[in-house]
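All values reported here derive from a predicted model rather than from experimental measurement.
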Amino acid sequence: MPFSAQASEVFGPSDVPLLDNRFRIDYGVKEISFIIKRQPGTPSVILVRPDGSKLYAGRVQSPEVGWLSLDDQDVITIRHPMAGPWQAIGAVDPANRVRLLSNVQLEMQPLPQRLYQGEYLKLGARLRIDGAVPDRSYYLTDLGMTVRLQAFNDPQQQGEPVFETELGRYLDDGKGLDEVPADGMLTAEAKLDAPAGKYRALISTGNQVFVRARGQEVLLYPLPVGYRVQSQGERQGPSLVLQIDEDELDPASVAIRGEVTSNTGAHTPFTGQGGEGELKVDLSRLTQVGKYRVSAELFATSRSGRELRIALPEKSFDIYPALAPEPLAPVVSEAVAAPAFEEDPGTPLWVWLSAGLGILALVLAGMGFMLWQKRRAFKRAMAAQQAAESKPEPVLDLNLPEQ
């Protein structure tokens with residue numbers, strides 16, 4: 001609730017009136033927190049200690065002072081304050097009083113000892129003042145309480161953490177997981193995004209107004225399901241397969257909800273419910289070639305009866321173009337012999353045409369060779385005959401004596 005909405009508040013017994021913008025802190029007070037209202041939009045007040053030294057908002061260097069400056073008031077905490085009269089210089093509301101906040105305590109709801117990677121948690125905490133839950137007049141909604149996860153090398157969780165991450169921020173605004181605004185119950189939603197191991201969960205207030213912190217040792221266990229994408233290569237189309245750890249989860253309670261996002265930005269939601277040991281989500285309706293990304297949340301009941309909501313790791317897969325089927329070989333029945341020249345209906349026509357043209361070429365080549373051989377023999381016979389006809393006949397010499 002905004003601070004400016006508290007104009008008609010009723011003051012309680014811890015309210016101290018300002019006399020000439022002065023108030024007194026008694027001896028022995030270890031810590032005091034108070035609220036000084038001023039005219040809206042004016043600068044923060046200046047505090048003057050009993051010894052004359054001054055404190056300014058935005059220039060506070062001492063760890064003993066926490067200062068939250070808002071539009072119409074200042075919320076200030078002073079540890080080990082100087083006893084005596086203090087003064088507030090500024091545009092202080094004429095009807096102002098100092099609201100003292102003493103004995104401030106931080107209470108946190110304990111975390112489960114057995115947590116899981118990716119688990120979402122609803123965390124709650126309260127600030128108690130003098131043992132009572134503060135009402136909305138204490139302006140606690142802007143304190144900025146946070147929860148952190150810390151890991152240490154030291155088994156006693158001492159020293160500087162080697163790992164630290166902020167899990168969430170507590171709010172009392174009636175939004176998100178917070179149920180009622182300004183009821184003193186602050187709520188945070190935390191996602192356990194960290195490796196499995198031993199940690200300390202640390203809850204603390206911000207703004208240095210109320211410096212309070214509470215810690216708890218927790219164990220973060222691995223994801224209680226195996227999680228993979230089965231691609232289209234197995235001929236059933238893509239699917240999502242979860243192998244449930246039945247030692248950790250009740251298989252009948254497991255449900256999954258998520259969506260598949262393509263590289264073109266198209267979103268395809270899906271859901272699934274568990275069974276014995278395995279949960280399978282059919283994604284075969286995804287047929288477009290491309291890259292896909294899967295994001296999902298798991299809902300289940302642990303074996304201890306705790307209700308879980310877990311963010312599953314993001315997965316990705318590809319859908320490739322389908323390959324053309326290979327032609328099947330012709331099958332000849334063993335009972336009835338196929339005709340010698342019957343066309344194999346499984347053989348393409350161009351195969352037969354190619355074979356016929358090849359045979360015709362061989363026949364023509366053989367006939368040409370035979371004609372060429374006969375022609376050579378005919379030429380040789382003609383040449384021999386011409387040689388015989390051109391040879392001279394023997395001449396009879398009549399002058400020779402008779403024998």
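Figure legend: Arg200 and Phe152 shown without cation-pi pairing, the cationic atom not lying both under 6.0 angstrom from the six-membered ring centre and within 45 degrees of its axis.
Residues Glu248 and Tyr116 have side chains that bring a donor and an acceptor to within less than 3.5 angstrom of each other. The closest side-chain donor-acceptor pair between Asp250 and Thr301, if any, does not fall under 3.5 angstrom. Thr146 and Arg148 share a side-chain donor-acceptor pair at under 3.5 Å.
Residue Gln117 comes nearest to Ile310 through the heavy atom pair O-CG2, 3.5 Å, listed as atom of the first residue, atom of the second, then distance. Of all the heavy atoms in Thr271 and Arg257, the pair that sits closest is CG2-CG, 4.2 Å. Considering every non-hydrogen atom in both Ala194 and Leu220, the closest pair reads O-CD2, 3.5 Å. Taking both residues in full, the closest heavy atoms of Ser69 and Ala57 are given as CB-CB, 4.5 Å, listed atom of the first, atom of the second, then distance. Of all non-hydrogen atoms in Ile25 and Pro81, the two that sit nearest each other are CG2-CG, 3.8 Å. For the residue pair Tyr170 and Gly124, the shortest heavy atom distance occurs at CE2-C, 3.8 Å.
Listed by first and then second residue, the salt bridge (Lys or Arg N to Asp or Glu O under 4.0 Å) pairs involving residues 81-90 amount to none (not counting sequence neighbours). Screening residues 237-274 for ring-ring contact (aromatic ring centres under 6.0 Å, His included), with sequence neighbours left out, gives no hits.
Just one of Arg306, Arg309, Lys191 meets the salt bridge (Lys or Arg N to Asp or Glu O under 4.0 Å) condition when paired with Glu119; it is Arg306.
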Test salt bridge (charged side-chain N to carboxylate O under 4.0 Å, His left out) on Glu179 and Lys122; report intermediate values, then the result. CA-CA 11 Å; Glu179 298 179 14; Lys122 178 183 178 181; 2.7 Å; yes

Checking Arg38 against Ser44 for the side-chain contact (heavy atoms from CB on, under 4.5 Å) test, could you report, in this order, the C-alpha distance in whole Å, the side-chain angles of both residues, the deciding distance, and whether it holds? CA-CA 8 Å; Arg38 63 181 193 277; Ser44 294; 4.0 Å; yes

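In this structure, CZ in Arg228 is found 10.0 Å from CG in Leu242, a value given to the nearest 0.5 Å. Interatomic distance, CZ of Arg49 versus CH2 of Trp86, reported as 5.5 Å (0.5 Å rounding).
With sequence neighbours excluded, no residue forms a salt bridge (charged side-chain N to carboxylate O under 4.0 Å, His left out) with Asp178.
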